[in-house]
Amino acid sequence: MAKMGSRKHLKRYKAPKSWPIHPKEDTWTVKPAPGSHAIKDSLPLLVIIRDILGLADNSREAKRIINTGNVLIDGRAVKDYKFPVGFMDILTIPKTEENYRILLDTKGRLTLHPISAEDASFKLAKIVNKSTIKGGKTQLNLHDGRNVLVDDDAYAGQDVVCIGLPEQEIKENFKFEDGVVVLVTGGKHTGELGKIKEVIVDESSKPNTAIIEKANGDSFLTLKEYAFVIGKDEPAIDLLEVNQ
């Protein structure tokens, strides 16, 4: 069996399909550090700077750019070239005034979508779990690895919170309910946009599903966990062109 590589490196042809890099241009690529996103759901910062944005010709130049604090993730300087940058993260390059939101295209690949400075002032994060801690406060566990403490229990799993940047505080909560706008993050409908028409709860061990209705009136079925809420009546973020 072919090896993926060492703990620090990853063979390109073994890189996740979500990475928009050519598998045969070189033998090795960077393996993301353990952190906020899983390997298959993230891109190492060096790959973004060198291979996707083309701001460096080689890894040495890319590391120099990153080490000087010239790249922000979610409003904060990141100097680890292996830092995992994943879905809905905001990448900012202050010197060039460029801002990007990490999204998924219809082929399931992580894509840097250019956005305005206003759109870069917040990010969306899905609640994947929550628990009550000592003192009666509620801890929200978000899809990007962060944990947020809140005083009330008005949040539920699958809800998506809008977080202000760089202060990292919750500004709004988008409930997971019928009629909200969602972006599909998995399966054959990845990258497609629509509104939740109905959530189907399966009483067996099978996962729950949701019927999504597109703008043209067509509907499709997807797993409930693939439906990522991005707004109430309309998208709260600027999006890539998707099949609607």
Side-chain angles (χ1 to χ4, degrees), residues 10 12 15-23 25-26 29-33 35-59 61-126 142-146 160 162-163 165-166 183-186 190-193 228 230-231 235-244:
L10 176 69
R12 273 189 176 243
K17 293 181 179 180
S18 59
W19 291 21
I21 61 173
H22 197 287
E25 284 184 351
D26 207 343
T29 187
V30 180
K31 179 184 289 188
S36 53
H37 300 276
I39 289 180
K40 67 181 182 63
D41 299 322
S42 63
L43 292 163
L45 188 53
L46 185 144
V47 169
I48 291 177
I49 297 300
R50 181 190 62 191
D51 302 317
I52 300 177
L53 294 179
L55 299 177
D57 293 327
N58 51 55
S59 61
E61 291 180 6
K63 288 177 182 177
R64 185 180 300 117
I65 292 172
I66 296 168
N67 287 339
T68 53
N70 287 320
V71 182
L72 309 182
I73 303 298
D74 293 343
R76 296 177 176 176
V78 172
K79 297 184 179 182
D80 181 3
Y81 70 91
K82 295 183 292 183
F83 185 86
V85 184
F87 181 65
M88 286 295 173
D89 284 352
I90 302 296
L91 184 145
T92 299
I93 304 174
K95 283 192 173 181
T96 59
E97 298 183 346
E98 294 175 275
N99 302 284
Y100 301 91
R101 190 184 305 276
I102 312 301
L103 295 175
L104 290 165
D105 66 14
T106 53
K107 293 184 179 180
R109 296 172 302 193
L110 292 165
T111 306
L112 273 69
H113 179 49
I115 58 175
S116 66
E118 182 180 355
D119 278 348
S121 67
F122 68 91
K123 72 171 294 186
L124 301 182
K126 179 193 283 190
L142 307 181
H143 87 277
D144 60 0
R146 76 180 70 205
V160 169
C162 177
I163 299 174
L165 303 177
L183 183 66
V184 180
T185 61
T190 298
E192 293 193 40
L193 181 69
F228 191 106
I230 59 170
I237 60 174
D238 186 22
L239 290 168
L240 292 166
E241 293 183 3
V242 292
N243 298 325
Q244 298 184 36

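- Scanning all heavy atoms of the two residues, the minimum distance from P84 to S42 falls at CB-OG, 3.4 Å.
- The line from CD of E192 to OG1 of T106 is 7.5 Å long, rounded to the nearest 0.5 Å.
- For the pair K126 and F228, the NZ or CZ position fails the cation-pi test of under 6.0 Å to the six-membered ring centre and within 45 degrees of the ring normal.
- When side chains are defined from C-beta on, L53 counts as touching Y100, because their heavy atoms get closer than 4.5 Å.
- With T111 contributing its side chain and R109 its backbone, the two residues share a donor-acceptor pair below 3.5 Å.
- The line from CG of L183 to OG1 of T190 is 9.0 Å long, rounded to the nearest 0.5 Å.
- Residues R50 and S59 meet the side-chain proximity criterion, which asks for heavy atoms closer than 4.5 Å.
- A distance of 9.5 Å separates OH of Y81 from CG of N67, quoted to the nearest 0.5 Å.
- Judged purely by distance below 3.5 Å, without hydrogens or angles, the side chains of H37 and D89 pair a donor atom with an acceptor atom.
- Each of I115, I73, V85 was compared with I90 under the side chain to side chain contact (heavy atoms under 4.5 Å, CB included) criterion, and only I115 meets it.
- Atoms CG and CD1, from D238 and I230 in turn, are 10.5 Å apart once rounded to the nearest 0.5 Å.
- Proximity of F122 to I237: side-chain heavy atoms (C-beta onward) are separated by under 4.5 Å at one or more points.
- Across L110 and F87, no two heavy atoms sit closer than the pair CD2-N, 4.3 Å.
- The backbone N or O of D119 lies less than 3.5 Å from a partner atom in the side chain of R101, making a donor-acceptor pair.
- The OG1 atom of T96 sits 7.0 Å away from the CG atom of L55 when rounded to the nearest 0.5 Å.
- Under the 3.5 Å distance criterion, the side-chain polar atoms of H143 are left unmatched by any main-chain donor or acceptor of M88.
- For the pair N58 and E61, the minimum side-chain heavy-atom distance is below 4.5 Å.
- Listed here is the closest heavy atom pair of L142 and A125: CD1-CB, 3.8 Å.
- When every heavy atom of A77 is checked against every heavy atom of G69, the shortest pair comes out as CB-O, 4.1 Å.
- Salt bridge status for D144 with R146: present, with a side-chain N to carboxylate O gap under 4.0 Å.
- Counting only heavy atoms from C-beta outward, the side chains of C162 and V160 never approach each other to under 4.5 Å.
- Counting only heavy atoms from C-beta outward, the side chains of L72 and L165 never approach each other to under 4.5 Å.
- Annotation: the span from D74 atom CG to R76 atom CZ amounts to 8.5 Å, rounded to 0.5 Å.
- The two atoms that bring I102 and G86 nearest to each other are CB-O, 3.2 Å, heavy atoms only.
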